[in-house]
Number of protein chains: 2
Amino acid sequence: MVLSKSCDYGLRAALFLAASEREESFVSISEMAKALGLSFHFLTKILQTLTRKGLMVSTKGPHGGVRLARPADSINLMDIVIAIDGPRLLNECVLGLNGCSDQHPCPLHRQWVSIRSGITELFNQSTLKSVAQRIAEGSYRLIDLIEEPEKKV
Amino acid sequence: MVLSKSCDYGLRAALFLAASEREESFVSISEMAKALGLSFHFLTKILQTLTRKGLMVSTKGPHGGVRLARPADSINLMDIVIAIDGPRLLNECVLGLNGCSDQHPCPLHRQWVSIRSGITELFNQSTLKSVAQRIAEGSYRLIDLIEEPEKKV
DNA sequence: CTTAATTCAGACAAGTTTGTCTTAAATTAG
DNA sequence: CTAATTTAAGACAAACTTGTCTGAATTAAG
Ligand code: SF4
Ligand code: SF4
């Protein structure tokens with residue numbers, strides 16, 4: 001997994017907010033959790049992190065909920081990723097070695113740095129708005145497919 | 001983390017074997033664990049997996065140990081990765097959605113598939129031999145830098 | 001003011017990964 | 001055969017991630 005589950009969920013919620021028309025008003029976490037098929041309590045915890053980091057604002061009480069703290073075109077996916085997973089993604093070694101740098105390369109350095117910067121570029125260049133627009137236009141999903149069909153015979 | 005720690009360790013050990021000249025003889029796991037700075041017991045467990053999967057062969061007793069089951073140029077990194085982490089890497093969604101496919105794309109599908117295939121290509125095209133040669137030629141490391149300098153003031 | 005709705009905070013549980021340890025089995029050397 | 005060495009197997013523990021739950025604080029509405 002390139003991102004933690006918490007981070008996945010945080011991104012889905014942020015995109016959900018950006019894709020929902022009402023960018024101005026608050027959306028309740030329970031509504032989002034239901035729409036995205038996530039645990040309400042768990043999602044709450046994750047969104048609290050995003051609120052603390054200043055990416056969302058929240059309000060309590062009836063009609064309360066959360067919304068993006070800034071316009072959706074001024075928040076990119078990397079903001080969310082770093083708020084939840086930290087900068088890990090930016091400087092991690094593919095072999096798990098510590099202190100990754102050009103000065104102390106592992107034998108996969110060259111190739112890995114290239115891939116890694118591709119990933120960070122993707123997150124850096126994708127704003128919530130641009131991705132949300134894609135959702136609105138096409139048939140892209142933010143939720144799991146049919147609930148697991150149970151395993152075994 | 002794109003790979004589990006177990007997988008990281010397995011790759012390091014496999015590369016260590018490929019880079020050690022004595023491709024024919026057995027190298028003891030304790031020697032490898034010491035050289036790579038890994039837990040002996042944990043590395044043992046990981047290499048048992050690789051042995052079970054037929055990528056290495058082992059023998060007990062004095063002068064026992066493990067060696068690659070096939071020539072180092074006929075094993076690629078993907079073999080190791082799949083043996084330890086399974087095919088997860090090949091078909092996982094960047095948003096953690098289930099059933100990733102062109103038919104059920106998330107809004108990052110196009111870009112992610114491109115990156116993901118870059119990763120799989122890297123592992124598929126890198127043989128243990130090619131990477132081991134790089135180690136022999138240049139100054140690439142397979143071990144962590146100086147043991148963590150302890151944190152805090 | 002009272003009540004309901006909602007986030008906030010944090011304890012707690014469950015699950016997974018990582019790491020340690022002990023014992024058994026196999027192999028080699030003498 | 002005996003003893004030493006080494007992997008195999010698996011129990012167990014520790015750490016981390018994920019998920020659940022309860023209660024407090026805040027806000028809005030009547
Ligand atoms: S060498 Fe490549 S893989 Fe190793 S630490 Fe540096 S970037 Fe990461
Ligand atoms: S759309 Fe992209 S990210 Fe989503 S499942 Fe398919 S590949 Fe993964």
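All chains are named by letter (A, B, ...) in the order of the sequence lines, taking the proteins before the strands, and each is independently numbered beginning at 1. This structure is a prediction, so every number in the text was calculated from the model and none was measured.
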Within the structure, does a side-chain N or O atom of [X] lie under 4.0 Å from either OP1 or OP2 of [N]?
X	N	value
S6(A)	dT18(D)	yes
S58(B)	dA8(D)	yes
R52(B)	dA8(D)	no
S39(A)	dT20(D)	yes
K5(B)	dG19(C)	yes
Y9(A)	dT18(D)	no

Option from N124(B), L15(B), L122(B) for which side chain to side chain contact (heavy atoms under 4.5 Å, CB included) with L77(B) holds =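 In the set N124(B), L15(B), L122(B), the residue that makes a side chain to side chain contact (heavy atoms under 4.5 Å, CB included) with L77(B) is L15(B).
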Measure from the side chain of S28(B), starting at C-beta and using heavy atoms only, and say which of dT20(D), dT6(C), dT6(D) lies closest.
-> dT6(D)
Would you indicate which nucleotide in dA4(C), dT27(C), dT20(D) comes nearest to any side-chain atom of K60(B)?
->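 The nucleotide sitting nearest to the side chain is dT27(C).
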So, S130(B) and T127(B): side-chain donor and acceptor under 3.5 Å apart, yes or no?
->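 A donor-acceptor contact under 3.5 Å links the two side chains.
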For the pair made of CE in M32(B) and P in dT6(D), what is the distance, rounded to whole Å?
-> 12 Å
Are the side chain of S117(B) and the backbone of S114(B) linked by a donor-acceptor contact shorter than 3.5 Å?
-> yes
